[in-house]
Amino acid sequence: MLRAVRLRYVLAIAVISAASGSATADAPEHIRVTYEAPAGCGTADEFFAQLAARVAVVRDDADASRRLFAVTIAIGADHVDGALTIGGTDTVRSVQGATCDETMSALAVVAALAVTDERPPPAPPIPPAPPIVRPPLRTEPWLAAGAGIAENVGVAPDAVLGLSAFVALGRAQSWQVRVGFARTSQQDAVVAAGASKFRWTAGRLEVRPFAFTRGWFEVAPAIGVEVGAVTAHGTTVSAPTGGSRPWVAPRAVGRGAVHLGRFAVELEGGVAFPLVRDRYFVGPDMTLFQVPAVAFAAQLAVSLQIL
């Protein structure tokens, strides 16, 4: 019988030693201890020292609200009996040992297991914040095509809407070359002596040296040139005439874009500096339109990466 008890005692010590490594990381439990044993068979302080070596506990006998660990040891004819009663339960844990020290150690192991079993499970780990998903940044050159609608000022007597189309070859966060075509709707200019119809048409070549990119957003400058014509035809006048005059203008553009996969939505503002500044008139003193020194355009466009 004693050999079996000792084997169980050794196995229990191994189990609680493995468990106590993780339990000691928790906040210690405050407990009370009472100890009844014959003289020379251990003390409450010795029992608590063995218990505290296995799990994180603090002895607080003055606080009646703490759990009570009541130890009782009795010496028999050929063995030592030990009993442990834990406050709040009716269960008595009993052990036997060959000596007082062996019995007290076994009771300390049983008490440590009870402390470990009463500990709340560890809080689940807080999952990390999901990563911010950004669109992959293409490093190889790409080809895109797009179209837009623009408000043009300075290409006709009044502000006029126009359509544009373009293709662009470039690299992300780097250079871009854009070739486009723009044409305004026809606009009537009327004075007392007569009227004329105006329409502006031009091709564009732009070079973007670099771009500032953050996530889906992109901002970039560009410079280029417009080459085309302003076409005017007189109406409601005697002997009306008409024709086309050249339009050549260096151009500077600021463009912002939002990239949504292969699509992009662009908003740009541009200024052009016409090199040919013709005057269109009905009679020497009736000016219909004078090409200004600076022309402006604001455009909203969409594009699609083809390759």
Side-chain angles (χ1 to χ4, degrees), residues 143-171 174-191 195-213 217-234 241-258 264-282 286-304:
L143 180 67
I149 183 169
E151 179 86 357
N152 299 274
V153 178
V155 299
D158 298 310
V160 60
L161 290 177
L163 299 177
S164 67
F166 59 87
V167 293
L169 176 67
R171 188 188 297 270
S174 184
W175 57 269
Q176 182 185 118
V177 177
R178 180 174 295 201
V179 178
F181 172 83
R183 183 179 177 88
T184 66
S185 60
Q186 188 169 270
Q187 184 180 91
D188 293 327
V190 180
V191 295
S196 183
K197 296 182 180 294
F198 287 87
R199 172 168 280 164
W200 173 84
T201 306
R204 290 172 174 163
L205 174 64
E206 294 176 1
V207 176
R208 183 190 81 182
F210 58 86
F212 301 98
T213 302
F217 301 95
E218 179 183 83
V219 177
I223 56 174
V225 64
E226 296 175 337
V227 178
V230 177
T231 303
H233 294 280
T241 60
S244 298
R245 292 290 297 162
W247 175 278
V248 180
R251 189 168 187 258
V253 179
R255 181 178 295 118
V258 178
V265 179
E266 301 179 352
L267 181 63
E268 72 170 43
V271 293
F273 306 93
L275 302 182
V276 179
R277 299 182 58 202
D278 288 323
R279 172 174 170 261
Y280 300 83
F281 57 90
V282 178
M286 292 289 183
T287 299
L288 290 171
F289 174 52
Q290 169 74 61
V291 176
V294 181
F296 302 91
Q299 176 173 270
L300 178 66
V302 294
S303 65
L304 171 65

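Side chains are part of it too, since the values below use all heavy atoms of this structure and drop only hydrogens, waters and symmetry mates.
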Practice item. Nearest 0.5 Å please: distance from the CG atom of Leu304 over to the CG atom of Leu143. Key: 10.0 Å

Review point. So, Glu151 side chain and Gln299 main chain: donor-acceptor pair closer than 3.5 Å or not?
Key: no

Review point. After noting the C-alpha distance and the side-chain angles of Val294 and Phe273, does the key distance pass the side chain to side chain contact (heavy atoms under 4.5 Å, CB included) rule?
Key: CA-CA 5 Å; Val294 181; Phe273 306 93; 3.9 Å; yes

Check your understanding: Does Pro274 reach the side chain of Val155, with side-chain heavy atoms less than 4.5 Å apart?
Key -> no

Exercise for review: Measure the shortest side-chain to side-chain distance between Trp200 and Val160 over non-hydrogen atoms and say whether it is less than 4.5 angstrom.
Suggested key: no

**Study point:** Qualifying residues under side chain to side chain contact (heavy atoms under 4.5 Å, CB included), relative to Ala252, sequence neighbours excluded
**Key:** Val271

Practice item. Go through the steps for Arg251 and Glu268 under the test salt bridge (charged side-chain N to carboxylate O under 4.0 Å, His left out), then give the verdict. Key: CA-CA 12 Å; Arg251 189 168 187 258; Glu268 72 170 43; 3.2 Å; yes

Point to revise | Reported CD-to-CZ distance for the pair Glu206 and Arg255, which is rounded to 0.5 angstrom | key: 5.0 Å

**Study point:** Other residues, nucleotides, ligands: >12 heavy atoms within 6.0 Å of Leu169 CG
**Key:** yes

Check your understanding: Rounded to the nearest 0.5 Å, how far does CG of Asp278 lie from CZ of Phe289?
Key -> 9.5 Å

**Study point:** Flag side-chain contact, heavy atom, 4.5 Å: Phe198 against Thr184
**Key:** no

Check your understanding: Rounded to the nearest 0.5 Å, what separation is found between the CD1 atom of Ile223 and the CZ atom of Arg208?
Key -> 13.0 Å

Check your understanding: Side chains of Tyr280 and Arg245: does their closest heavy-atom pair fall under 4.5 Å?
Key -> yes

**Study point:** His233 backbone acceptor or donor facing Ser196 side chain under 3.5 Å
**Key:** yes

**Study point:** Heavy-atom closest contact (Ala202 atom, Glu226 atom, distance)
**Key:** CB-CB, 4.4 Å

Review point. Stepwise, does the salt bridge (charged side-chain N to carboxylate O under 4.0 Å, His left out) test hold for Glu266 with Arg178?
Key: CA-CA 14 Å; Glu266 301 179 352; Arg178 180 174 295 201; 3.0 Å; yes

Revision key, fill the gap. ring-ring contact (aromatic ring centres under 6.0 Å, His included) filter on Phe296, not counting sequence neighbours, yields none

**Study point:** Minimum heavy-atom distance Arg277-Val291, with the two atoms named
**Key:** NE-O, 3.1 Å

Review point. Are the side chain of Gln187 and the backbone N or O of Ala159 linked by a donor-acceptor pair below 3.5 Å?
Key: yes

Check your understanding: What are the two closest heavy atoms between Asn152 and Gly162, and how far apart are they?
Key -> ND2-N, 3.8 Å

Point to revise | Residues Arg204, Phe166; criterion side chain to side chain contact (heavy atoms under 4.5 Å, CB included); working and verdict | key: CA-CA 9 Å; Arg204 290 172 174 163; Phe166 59 87; over 6 Å; no

Check your understanding: Between Pro209 and Pro221, what is the shortest heavy-atom contact and its length?
Key -> CD-O, 3.7 Å

